[in-house]
Undergrad: 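Provided herewith is a single structure, encoded as structure tokens, for subsequent inquiry.
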Amino acid sequence: MTVSSSIPLLIISGAACLALLLAVVPHAALRRMGPSAVGGLGIFAALVVCVARWGDRTVGYAGNVYEDRLSLLISILVLLAAGATIALSLREPASVDRRGEYVGLVLLSTAGMILTAQASDLIVIFLGIELLSVALYVLCALEVWRSRSLEAGLKYLITGAVGASVLLYGLAFLYGATGSTALADIGAKLGDVTLTSDPLVTAAMVLIVAGLAFKASAAPFHMWAPDVYEGAPTPITAFMATATKVAAFAAFLRIFVGTLPAGRDDWRVIIAMVAAASILIGNIAALRQQNVKRMLAYSGVAQAGYLLIGVAAGSVVGTRATLYYLIAYVAMTLGMFAIVVHREREVEDGDDVDAYRGYGRARPAMGIAGTICLLSLAGFPPLAGFVGKFLLFGAAVDHDLVWLAIVGAVGSILSLGYYLRLVAVMWMDDPKRADARHLPVPGAVGAVAISCAVAVVALALAAAGVLDAAGGAAETLLSP
Amino acid sequence: MGEQITFAVAAIAAMSCGVCVVSLRNAFQATVALIGTLLSVALLFLLQAAPFVAAIQIIVYAGAIVVLFLFVIAYLGERQADLGPDRAWRVQPLALIAVGVVGALGAVALLNANIRLQDKLVTLGEGPDIGSPKAIGDAFLRRYLVPFEVTSLVLLVAAVGAVMLAKRAVQAEGSR
Amino acid sequence: MTASVLGWLVLGLPLLGALVLSLWPSEPPQTVTRVIGCGSMLLAFILTLATWGTLLGENPEERTHVSSLWRWIEIGDLRVDLAIRIDQLSVLMMLVITGVGFLIHLYSTEYMAHDVGYRRFFAQMNFFVFSMLLLVEAGNFVFLIIGWALVGLASYLLIGFYDDRPSAVAAARKAFVINVIGDVGLVFAAFILLAKTGTLDFDQVFASAPKTLDGYAAEAVALLLFVGAAAKSAQVPLHTWLPDAMEGPTPVSALIHAATMVTAGVYLIVRCNVLYELAPSASNVVAIVGAITLLLAATIATVQVDIKRVLAWSTVSQIGYMIMGAGLHAYSSSMFHFLTHAFFKALLFLGAGIVIHALLGEQSLDRMGGLGKHLRGVMLMMAIGCMAIAGVPGLSGFFSKDAILAHAWSAGALGKCLWVVGIVAAALTAFYMFRLFFRTFMGPDREGGYEHLHMPGWAMTVPVAILTVGAAIVGWIEIPGVWDAMTTWLDPVVAGGPLGPAEVTHSAEWITGIASTLVAAGGIVVAWQIFGRDPKRRLELAGVARGPRSVLRDAYRFDDIFEGTVIEPTKQIGEVFLTKVEPRGAQGLVDGASSLVRVISGVISRLEGGLVRGYTAAMVGGVVVLGLIATVLLRAN
Amino acid sequence: MPWTTVLIIVPLLGALSMFALPEGGALQARIHAVVASLITLVLSFELLRRFDRDAGGLQLVDSHDWASSVGLRWTTGVDGISIWLVLLTTLLFFIAIAYSAFAWCDRPRAYLGLLLLAEAALIGLFVAGDLVLFYVFWEAMLIPFIFLVGLWGDENRRSATIQFVIYTMVGSLIMLVAVVATGILAQRHTGGAYTFTIADLAGVDFTERESTWLFAGFALAFAIKLPLFPFHAWLPKVYSAAPILVTALLAAVMSKAGVYGLLRVGVPTFPVGADNLTPVLLTLAVLGIIYGSLVAWRAETMRLVVGYSSLAHLGFIVLGIMAFDLQAGQGAVLQMVNHGLVVAATFGIVAMLARTGSEQMDRVSGLGAGAPWLGGVFLIVAMAALAIPGSNAFVGEFFILAGVFREHTWAAILACIGMVYAAVYMLRLYQDMMNGPRVGDGRKAEFRLPDALAILPIVLLMGLIALWPQSIVGGTRESVKRAIEPARAVAHPPAGVGEVPLP
Amino acid sequence: MELAVTTPVGTGEIPLGFYLALSGALFLLGLVGVLIRRNPLLLLLAVELMLNGANVALVGFARYWNDTGGQIFALIVMVVAAAEVVIGLGLVVAIFRQRLELDVDELSRLRG
């Protein structure tokens, strides 16, 4: 019963409550600025704690939560994404006069993600995922005066509820097959049997894959993602695209790699199938998108496929690759969304591809940052996306999934069609509309974009340190 | 024997009410049908030695949630008729077939499962106490403290969220 | 100075002249050009004489001097030096090249005086001489090939000297491309030698060839070398460029396309005589091709109207003699004929050049006639030239031609056949040369007469005169039964093959001498009958044998055949590649793939129809697929 | 001093310094770029001075840990193959940058910065001693070229760029899989730590299946970059759309990446696979030679004539590499340098000719009268391009074909068609432009000082190589030997090994 | 409390299989509901059916293994279900406020 193992969670929950309370203070300026400040401070404090507590596994709360390198790594990632989201939302319409609720919900969702990352119990996993989802349902629909925002919220809610039910049913089967909700017990019980020897576990596995794939927006459970990403307020989209995916992969890793390593050969096939489908469908569908957020949604589907390659490998090597790529993915995607947020403020329909004509020339710093992120997403060296793909393909080859690596390569080729199209539009086309407002780049958005670009480069150049961290997390995950 | 009869009645009631929930177009009627299902399921919980869960099912679920439904239905009034042509008709048969296949696969999985499906469950009292409020409370406060606490966060989100969504809102002066 | 140093100097002087002339910042005064252009040649000639003298002073067996400047390349197991080889054969060639070359340079100073690009002309001529010297002095196959190609380049440049004339440009291109074909033959011969002997040095190759080259390889090398020789020396079927090459200025025709470059093929065969000794069949092919060329070209020459073309075809035909001789292993005789031919053909070209110069560029025999009255000296010199080539006894052509034919007579059945061809061609030679002579210098003036005949100055006359003397007397260096300076001189470098030249009997020499004298006389008489005695005769006979004559005038339509079978088809293929395959083939693959992707993308997009129920259905479908995989695939394992 | 690394960093710093310049600092940008590329050039000569010509293997090695847990290392160095390509790169880029800086340049900051980036990437590619590093630079060089074509190209630049990128990336990503698989399979075979060091990988005993597939993966990427027929679909579009200076660099330097990779990575690492796929590559190379020559003969613009001729010439280089013959291999290395020089000079001349108003073959003719100096230099370059004996290109081509002839006679014989047609299309280019009726003003095309300063060094270098090829070939022997020896051993097993005695 | 423990209901005569069958049936029924209904309110009801189905299974397994975990899980699911419903209803009201059709098929401007 150690409280210390979930200090970040407590800090974030507390910050969320404080932010919500600040929503009702009469002082207008405090109401406006307070929640963001509280959120920022809370996130910073939680980050500090996470970094400070980097170390071996501790088990807290009767085995409900772990605090280990994996959870800390994921928490750091999620917290960074949350911080970026709050920074991006500073002037977002949905958040302007309800800053407290907005920040509070973001923080609560973050808490759900941290919980998912720390979970050592089926119930906690489910609850964490639901906490993050429910908060996101609201955040998606927060611009209630915009029908698209509402549509996004409702679609997310309905598909999300079905997905959650599927996941729940899978978890129930897993529970039924083993008689325990604790991952450690489940692992011990299934440690020496392959999954296919018990059809109940097979069924559970299929359903859990489906449920988590939904959260990670992997094909064919991804179909909500483009609609929701497009409809939701852009900072929230950024949050969903990054943090949610991180949490979903944390759950993937915990359940499959961490708990069921013995059945690796069985679930590998299923996850590899999902990965391949995601890579192909995501990349192909993204090719024809005219809306950048939608395009990034499909790109996110494809990236989920890449991330799943490492999961499918199911080893330290694979986990390390997935974790590294998650970090890289968060940086590049957030950077791109920061660009979209900025552009949306400058022009009408700022999420349309045509809105980016000549963007790079007009705003070189943002343009270069965006280009770096896009090139990294496309897997160009020497950027983080390349190193990630390199590791993922390596993991695939290492586990005789060469075909999956080839699918990944083919997908990357396809992805050039849209990433580079955007790059081309940014630099090679002349600005179409003269009515673009040339506002100064807001500091927060610019900072997010540029620090993401810097991170994308730094992650590749200083890969050794990041890989050590990811490797450490992977080893803790797999060590009994 | 009594147990079999109870199970049969509850199961049939749950299923038939469930069919009503799915098939009735009128939201009010469907909601009422859902109450039937919820109560039947509560009865099944009782049969499965989960009296506390059954009680919560009735109080929270059938009581609170369904009432909320009814409130909203009343608030919305009669504006849910006049549905246009079904645009998903091409997908629907396939989807239903898929549901059937899912059921079949699930059945295959269950029938081959390693757990003993046909065995009678251990009679209550013979095994350890798992369903009493004491047991539940104990579990919540010892073994499952984190989930217990986090539910509060979930409910907080629900409360805040519902208010924000339902509250009459206009677009704020954003800087877009 | 040793022969090697002299050899390098001879090689370097024309190059220096070429470089100075081309890099001169602007068009230099004509005097400067003359001094550099001719001066370098004169010096080179003098040094060549010195080289010759040095060699003469040495033991006949030790007259070979190989000298290298630097290690050019060391690649694999092969070492190639930038090396020259001075021996009897190369000195003989060098003498002709620099000697005749100097005369022609001198001649050109006046002939070209009115052309733009005076400096360019001399630079290119000097460059040609350098290349030709490199060819004959090269100490290994690599530099032989380099010289071989560079003379081709020089020839290309000079044929296309009038570069605004499309016909000249086309002729230059044709010459170049056919020469490249020859280069390829040579290069492949070198490949075989390299593969078999592991070296490209003349000495080493020739020394090891009898051991390392088996029958087929030797035949292949000999044939491939002959491809090169045929292209350069205009042998059938690679001869078509030479008549067109007459687009170049007349001195060019004299130097490159008569005296020196076109005989490089002969030089090559003689140089590689060791290899031909190993390849009897290839040698026979060489002889036969030479004979065919000889005959065809001679027949064609009988009907040509352009004065330079007559001479060009005559050149083709005469080289046919040399090639035939070389194929019969009569190397010395071939070289002998090369030597005499250089004199009389240069003389004839330069003489023709004076005529053309006088007529301000007119080349058609139809627009000439009666010029003997106006250009008496030229007529005399041309008469000697014509007699020399026709084989009038006592003049040079008689001796050299008969030497080859006597060898042929002695060389078995094949040789007898070739002898007959040679004799027939000799008759034709006498006929067409005197046809040219009579139509140019005899008879009445052309219609309209000559108004401004451009009289030649000393710079043009003196070289022709010197060449006339040469054409008359140079044949006396080898008189059957009296002395054989030529054979003796060349003996160390050409003797000693297993086949060797056939033993020439005195009877063969007599028979050949008498026969060729008779046919030469016959040819001259017929030409006189038709063209000389009564100019109207020619017009009366104009209707005779129109068909064959038009075939002859078109040179047996070799050009058309090439055009139809090689050039046009490949051009069409290229067009098809460019217009059909390029946009559709390779590109089409990409386009096809991308449109396939686009179609799939459209399908996915349509599925993403905005309906939540559809999304749910997809999820259910996904579960079904995964479930089936799990049950079916995993079970199966 | 880590010479090889410094050589990458100097142009990179030059490029980055562009961003630090104030908006519109055009003059400073020019000075920065020229200085950076000049320093690089000087450094590369210093590299040559320190280079031991008689040693095989990587020299002047600089090796650092990058992420050793996954086998990533920063290993750079030069051997007898790469040193020449590094020199080619530094020289041509210096010329290109100096020329653009002083003669023509639109938006100089970005343009010169991208050129420097491209230079850094190409040098990196040639000095990479690690397979992953090789791949990193392989991809990295694409980025500046994308922008150079895409931002400064003509009206078709968009589609050209996209085609270029997609085409080359198809190969690259397949190669990425192959790179990854190579490292992992090698680790499986050796049982040691993960390594991607090319020198270490060369000794690994891959199974025949692995070797073949991995080689195929690499070869595909190389073939597309070259390009090798029929993977050249991007070539006409990109060569036409790019600014001509960039086209020159693409043809002269970037195309070497493919052949270099084949010789330096593909063949030595996967000798068995290389041997198995030799017939395929030889066939494609020969087809490319013939095809490229025929299309070049009919092409309508000057650039495309040169572009397609490049297709044919690179076919020769591939032939030389795949012969697994020392002479052919050394000839191929020489030919890489030769082709780089010749094609750069040719494109330079095309650029000058284009000043008369059009790059169409049929628009102008007879320019030689107005531009005698151009005519002379053009002639020399054209002759070198058709590899006339006596030119630098001939030396390479001769020894390539000599080796190919020994090993695969048929290929050499078919390739000679290309030799003949080279004369045809190059003469067409030269004569149609320079000779014939005077159409167009030749004086516009005549050499000006910047042109002369740019092209004459290249021509002089061509002359030097023609006269003394040993200067380059001498240094290649040991490295080429190392590269092809394993494959040669597979192609020619020692007598008695693997032969089934006849009953 | 004592009373609850000794409640005579649930003597264990019904095997687990029956419960699981019923649970599956309810789950699938809910799924069918989600697939065929277009009114968001009805969709939410259908989702409740699915969650109830899962709960039946959870409680059944809890009984089978004699483990409280399943029942705790079921209780948590109820809370989550409640939260989802509340948010869902809030959305429905918001949609109603925006005078939009209460039909998920009509809410399909986002697509492609």
Side-chain angles (χ1 to χ4, degrees), chain A residues 316-317 320-321 324 360-361 364-365 368 371-372 375 378-383 386-387 389-400 402-417 419-421 423-425 427-429 460-468 470-472, chain D residues 19 23 65-74 107 109-110 121 124 132-143 146-147 149-153 157-159 161-162 164-185 187-188 194 196 210 213 217:
Chain A
V316 173
V317 173
R320 183 176 62 189
Y324 180 89
R361 287 197 225 160
I368 288 172
T371 306
I372 289 176
L375 291 178
F380 275 93
L383 302 171
F386 158 72
V387 179
K389 275 187 186 147
F390 172 78
L391 297 171
L392 288 167
F393 291 174
V397 174
D398 206 12
H399 293 89
D400 293 324
V402 179
W403 66 270
L404 192 54
I406 290 171
V407 169
V410 171
S412 294
I413 295 159
L414 295 169
S415 75
L416 294 169
Y419 291 132
L420 292 182
R421 173 166 152 241
V423 172
V425 168
W427 296 98
M428 298 177 198
D429 286 348
L461 297 184
V466 182
L467 278 172
D468 283 348
Chain D
F19 295 114
E23 193 91 24
D65 190 25
W66 178 11
S68 54
S69 56
V70 291
L72 299 185
R73 285 191 71 79
W74 174 278
R107 285 171 276 162
R109 254 193 340 151
V132 176
L133 206 57
F134 177 81
Y135 181 79
V136 166
F137 286 114
W138 177 271
E139 292 294 271
M141 77 178 161
L142 192 56
I143 298 170
I146 292 172
F147 283 98
V149 178
L151 266 65
W152 282 268
R157 58 180 189 259
R158 270 289 287 273
S159 65
T161 316
I162 288 171
F164 177 48
V165 172
I166 291 184
Y167 228 92
T168 50
M169 284 299 281
V170 168
S172 303
L173 286 162
I174 298 294
M175 181 165 98
L176 175 59
V177 176
V179 168
V180 169
T182 305
I184 283 166
L185 294 174
Q187 191 267 344
R188 263 188 218 171
Y194 287 111
F196 289 91
E210 288 165 1
W213 280 106

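Treat the numbers as computed from the prediction; the structure is a model and nothing was measured. Proteins come first, then strands; the chains are lettered A, B, ... in the order of their sequence lines, and each starts at number 1.
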Undergrad: For Trp213(D), check ring pair (Phe, Tyr, Trp, His ring centres under 6.0 Å) against everything at least two apart and list the hits.
TA: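 Listed in chain order: nothing, the list is empty.
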
Undergrad: What pair of heavy atoms forms the shortest contact from His399(A) to Arg188(D), and how long is it?
TA: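 Result for this residue pair: N-NH2, 4.3 Å.
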
Undergrad: Excluding sequence neighbours, so at least two apart, what forms ring pair (Phe, Tyr, Trp, His ring centres under 6.0 Å) with Tyr419(A)?
TA: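 Per chain and number, Tyr419(A) pairs via ring pair (Phe, Tyr, Trp, His ring centres under 6.0 Å) with no residue.
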
Undergrad: What closest approach, in Å, do Ile184(D) and Gly394(A) show between heavy atoms, and which atom pair accounts for it?
TA: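 So the minimum-distance heavy-atom pair works out to CD1-O, 2.8 Å.
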
Undergrad: Which heavy atom of Pro381(A) sits nearest to which heavy atom of Val136(D), and what is that distance?
TA: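 Closest approach of Pro381(A) to Val136(D): CG-O, 3.3 Å.
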
Undergrad: Mind ranking Leu467(A), Asp398(A), Val466(A) by heavy-atom pairs under 4.5 Å with chain D and telling me who comes out on top?
TA: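 If we count pairs closer than 4.5 Å to chain D, Asp398(A) comes out on top.
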
Undergrad: Nearest 0.5 Å please: distance from the CG atom of Leu461(A) over to the CH2 atom of Trp74(D).
TA: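 With rounding to 0.5 Å, CG (Leu461(A)) is 9.0 Å from CH2 (Trp74(D)).
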
Undergrad: Go through the steps for Lys389(A) and Leu173(D) under the test side-chain contact (heavy atoms from CB on, under 4.5 Å), then give the verdict.
TA: CA-CA 10 Å; Lys389(A) 275 187 186 147; Leu173(D) 286 162; 5.5 Å; no

Undergrad: Specify which of Ala140(D), Ala178(D), Gly150(D) makes the most heavy-atom pairs with chain A at under 4.5 Å.
TA: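 Among the listed options, the one with the most contacts to chain A is Gly150(D).
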
Undergrad: Rounded to the nearest 0.5 Å, what's the gap from OG1 on Thr161(D) to CG on Leu420(A)? Could you check?
TA: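 Atom-to-atom, Thr161(D):OG1 and Leu420(A):CG are 9.5 Å apart.
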
Undergrad: Rounded to the nearest 0.5 Å, how far does CG of Leu151(D) lie from CH2 of Trp427(A)?
TA: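 Going from CH2 on Trp427(A) over to CG on Leu151(D), the span is 8.0 Å.
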
Undergrad: Heavy-atom distance under 4.5 Å to chain A: side chain of Phe137(D), backbone, both or neither?
TA: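 Contact with chain A is absent: no heavy atom of Phe137(D) under 4.5 Å.
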
Undergrad: As an exercise: rank Ile174(D), Leu142(D), Val70(D) by heavy-atom pairs under 4.5 Å with chain A and give me the winner.
TA: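 So the answer, after comparing Ile174(D), Leu142(D), Val70(D), is Val70(D).
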
Undergrad: Identify the two heavy atoms, one from Arg158(D) and one from Val425(A), that lie closest to each other, and give their separation to 0.1 Å.
TA: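 The answer is NH2-CG2, 4.3 Å.
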
Undergrad: In terms of heavy-atom pairs under 4.5 Å with chain A, which of Met169(D), Arg157(D), Arg107(D), Met175(D) leads?
TA: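 Maximum pair count with chain A is reached by Met169(D).
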
Undergrad: Could you grab the distance from atom CG of Leu416(A) to atom CD1 of Ile146(D), nearest 0.5 Å is fine?
TA: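 Rounded to the nearest 0.5 Å, the CG-CD1 separation comes out at 8.0 Å.
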
Undergrad: Does any backbone or side-chain atom of Leu391(A) lie under 4.5 Å from a heavy atom of chain D? Answer side chain, backbone, both or neither.
TA: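 The side chain, not the backbone.
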
Undergrad: So do Phe386(A) and Leu176(D) actually touch side chain to side chain, heavy atoms under 4.5 Å?
TA: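 Result yes, sub-4.5 Å side-chain heavy-atom pair found.
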
